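What follows is a single structure, written as structure tokens, with notes after it.
These values consider heavy atoms only, across backbone and side chains, with no hydrogens, waters or symmetry-generated copies. The first residue in the sequence is number 1, and the count goes up from there. Atoms within a ligand are numbered from 1 in the order they appear, just like the ligands themselves. All values reported here derive from a predicted model rather than from experimental measurement.
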Amino acid sequence: MKKAYRLVHDENLCIGCQACSVACRAENKIPEEVYRLQVTVSMRAQDHTMDFTRRSCVMCDNAPCVEVCPTHATFQMRDGIVLVDEKRCVSCKYCALACPYGARYTDPLTKALQKCDFCYSSRILKGELPACVEVCPTDALAFGDINDPQSAPALKLKNNVSIYPKAHLGTKPKVVIIPNAKGMPRE
Ligand code: SF4
Ligand code: SF4
Ligand code: SF4
């Protein structure tokens with residue numbers, strides 16, 4: 001059966017420690033001036049509680065960046081993972097303009113438009129978790145195939161209210177948010 005990968009971010013368990021972002025940088029050798037993954041921190045004025053928001057590629061099933069890429073440098077695997085072939089990228093930035101999540105960045109060395117790939121080649125194909133999920137100290141992140149009802153993301157999603165970011169756009173993200181229960185779900 002085709003895999004249905006999900007990466008779940010439970011905002012209630014997140015402490016904003018940035019271990020995920022640091023692990024991503026090390027795993028994928030990301031230059032200092034850019035990032036594939038950030039967890040931003042904001043404070044609510046009314047009660048001084050913190051919100052932690054994960055910012056990265058949400059790995060759309062219906063990916064606008066794939067649709068617009070003129071050279072097929074951005075392409076999709078059969079299991080839905082969207083990848084970038086840097087050798088084919090001509091830096092036209094169409095993908096960055098099409099992405100509703102602001103997920104693309106220009107690699108300062110190769111000039112290719114890059115993004116998170118769930119550590120596809122370096123970890124997923126070896127049966128390992130993405131680096132961010134591996135290091136998260138609070139289990140705020142869960143990754144796996146939700147066709148397996150016992151997988152970590154399936155169990156998390158079974159017991160919690162969840163949202164798919166900007167679901168109204170029809171992009172069908174594979175990143176799912178369990179929103180901070182102290183407030184309303186955000187886009
Ligand atoms: S490692 Fe986990 S707890 Fe720390 S910022 Fe990332 S998601 Fe949140
Ligand atoms: S979030 Fe942006 S970069 Fe990632 S697959 Fe969707 S459109 Fe492409
Ligand atoms: S910048 Fe590269 S990956 Fe993005 S649309 Fe152009 S050729 Fe494709």
Side-chain angles (χ1 to χ4, degrees), residues 5-28 34-42 50-77 79-120 129-143 152-153 156 160 164-180 187:
Y5 288 119
R6 293 291 183 277
L7 193 157
V8 180
H9 182 219
D10 185 344
E11 295 183 350
N12 299 286
L13 295 179
C14 185
I15 56 174
C17 67
Q18 306 298 333
C20 50
S21 179
V22 171
C24 170
R25 194 172 287 286
E27 176 77 22
N28 299 294
V34 291
Y35 63 87
R36 287 188 184 190
L37 164 65
Q38 267 193 331
V39 175
T40 57
V41 184
S42 55
M50 304 291 239
D51 277 323
F52 302 108
T53 306
R54 190 179 190 276
R55 301 189 187 282
S56 188
C57 171
V58 299
M59 207 60 83
C60 309
D61 259 350
N62 294 331
C65 61
V66 173
E67 294 291 318
V68 300
C69 181
T71 65
H72 304 293
T74 298
F75 63 99
Q76 195 162 32
M77 304 295 285
D79 56 14
I81 301 291
V82 176
L83 300 176
V84 179
D85 178 352
E86 290 200 334
K87 293 188 292 298
R88 299 183 121 187
C89 179
V90 295
S91 306
C92 66
K93 296 188 170 62
Y94 289 178
C95 54
L97 290 170
C99 173
Y101 304 93
R104 307 298 290 246
Y105 66 91
T106 303
D107 185 296
L109 299 175
T110 66
K111 305 304 179 197
L113 272 280
Q114 269 292 3
K115 68 175 197 69
C116 164
D117 62 2
F118 285 178
C119 301
Y120 190 74
L129 294 171
C132 56
V133 181
E134 183 84 41
V135 300
C136 179
T138 64
D139 289 336
L141 297 172
F143 178 83
K156 258 193 194 292
N160 289 286
Y164 285 75
K166 300 186 180 179
H168 62 282
L169 297 178
T171 47
K172 297 189 175 174
K174 295 182 197 61
V175 173
V176 194
I177 308 300
I178 297 176
N180 187 341
E187 281 286 292

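- The nearest heavy-atom contact from the protein to atom 5 (S) of ligand 2 is C60 N, 3.4 Å.
- In this structure, F143 and Y5 have parallel ring planes: the angle between them is below the 30° cut-off, well short of the 60° mark.
- Two rings, from Y35 and Y105, have their centers 6.0 Å or more apart.
- We find the CE-CG distance between M50 and N180 to be 11.5 Å, quoted to the nearest 0.5 Å.
- Interface atoms of ligand 3 facing P70, defined by a heavy-atom separation under 4.0 Å, are 5 (S).
- Contact detail for A131 and E27: the closest heavy-atom pair is CB-CB, 3.8 Å.
- In terms of protein heavy-atom proximity, atom 8 (Fe) of ligand 2 is closest to C65 SG, 2.3 Å.
- Remark: ligand 2 atoms within the under-4.0 Å shell around heavy atoms of K115 are 3 (S).
- With a 4.0 Å cut-off on non-hydrogen atoms, Q18 touches ligand 1 through its backbone and not its side chain.
- Using a 4.0 Å heavy-atom cutoff, T171 is absent from the residues neighbouring ligand 2.
- The G16 neighbourhood of ligand 1 comprises atoms 5 (S), 8 (Fe), with distances under 4.0 Å to a heavy atom of that residue.
- Interatomic distance, L37 CG to C24 SG, rounded to the nearest 0.5 Å: 5.0 Å.
- Scanning the protein heavy atoms around atom 4 (Fe) of ligand 2, the nearest turns out to be C57 SG, 2.3 Å.
- Put simply, the side chain of C57 does not reach to within 4.5 Å of the side chain of V82, judged on heavy atoms.
- Note: T171 OG1 to K166 NZ = 9.0 Å, rounded to the nearest 0.5 Å.
- The ligand atoms of ligand 2 that sit less than 4.0 angstrom from a heavy atom of P64 are 7 (S).
- If you look at atom 2 (Fe) of ligand 3, the protein N, O or S atoms less than 2.8 Å from it are C89 SG.
- Ligand 2 places these atoms under 4.0 Å from at least one heavy atom of V58: 1 (S).
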Distance-only donor-acceptor pairs under 3.5 Å for side chains of residues 64-74, two or more places apart:
residue	atom	partner	partner atom	Å
T71	OG1	A73	N	3.3
T71	OG1	R88	O	2.9
T74	OG1	R104	NH2	3.0

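- Inspection of the environment of atom 2 (Fe) of ligand 1 yields the following protein N, O or S atoms under 2.8 Å: C136 SG.
- V175 has its side chain within reach of F118: a pair of non-hydrogen atoms, C-beta onward, lies under 4.5 Å apart.
- If you take CG on L7 and OG on S56, they are separated by 8.5 Å, rounding to the nearest 0.5 Å.
- Annotation: salt bridge (Lys or Arg N to Asp or Glu O under 4.0 Å) contacts of D117 (sequence neighbours excluded): R36.
- Taken from CG in L113 to OG1 in T106, the straight-line distance is 4.5 Å, to the nearest 0.5 Å.
- The CE atom of M59 sits 12.0 Å away from the CZ atom of R6 when rounded to the nearest 0.5 Å.
- Annotation: side chain of D61 is in contact with side chain of Q76 (closest heavy-atom distance under 4.5 Å).
- Among all protein heavy atoms, the one lying closest to atom 2 (Fe) of ligand 2 is C99 SG, 2.3 Å.
- For OH of Y94, the number of neighbouring non-hydrogen atoms (other residues, nucleotides, ligands) closer than 6.0 Å is 12 at most.
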